[in-house]
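Take a look at the structure set out below.
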Amino acid sequence: MREIGEIDPVVTIPVDLDEHLFRRESGRMVDALTRIFGVHNLALAEDVVQDTFCRALEVWKVRGIPENPARGS
């Protein structure tokens, strides 16, 4: 059990990992969402991918980077 005021450990994410992963996977994710929701929702798909990636980075700082970040596990 943590004591009051104890700081949780934070994982440092290498800059090259997030840049490489975003460049490699964002296009695939936008493509998949655009196929599902239509090209008229392209801007929304791009926003969703960016928000999802930002959230993943926040979670990984606390829980650690998954073995295969592209799959999320």
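We're numbering straight along the sequence, starting at 1. As a basis for the values below, the full set of heavy atoms in this structure was taken, side chains included, without hydrogen atoms, waters or symmetry mates.
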### Task
Specify whether F22 and F53 have parallel, tilted or perpendicular ring planes, treating 30° as the upper limit for parallel and 60° as the lower limit for perpendicular.
tilted
Return a table of donor-acceptor pairs under 3.5 angstrom between the side chains of residues 31-40 and protein atoms on other chains or two or more places apart.
from, atom 1, to, atom 2, distance (Å)
D31, OD2, R35, NE, 3.2
D31, OD2, R35, NH2, 2.8
T34, OG1, V30, O, 2.7

### Query
Any salt bridge (charged side-chain N to carboxylate O under 4.0 Å, His left out) pairs touching residues 42-52, not counting sequence neighbours?
none
### Gap between atom CG of L21 and atom CD1 of I65 - 0.5 Å precision
9.5 Å
### Query
salt bridge (Lys or Arg N to Asp or Glu O under 4.0 Å) with R55: which residues, sequence neighbours excluded?
E58
### Query
For E25, which residues count as a salt bridge (Lys or Arg N to Asp or Glu O under 4.0 Å) partner, sequence neighbours excluded?
R28
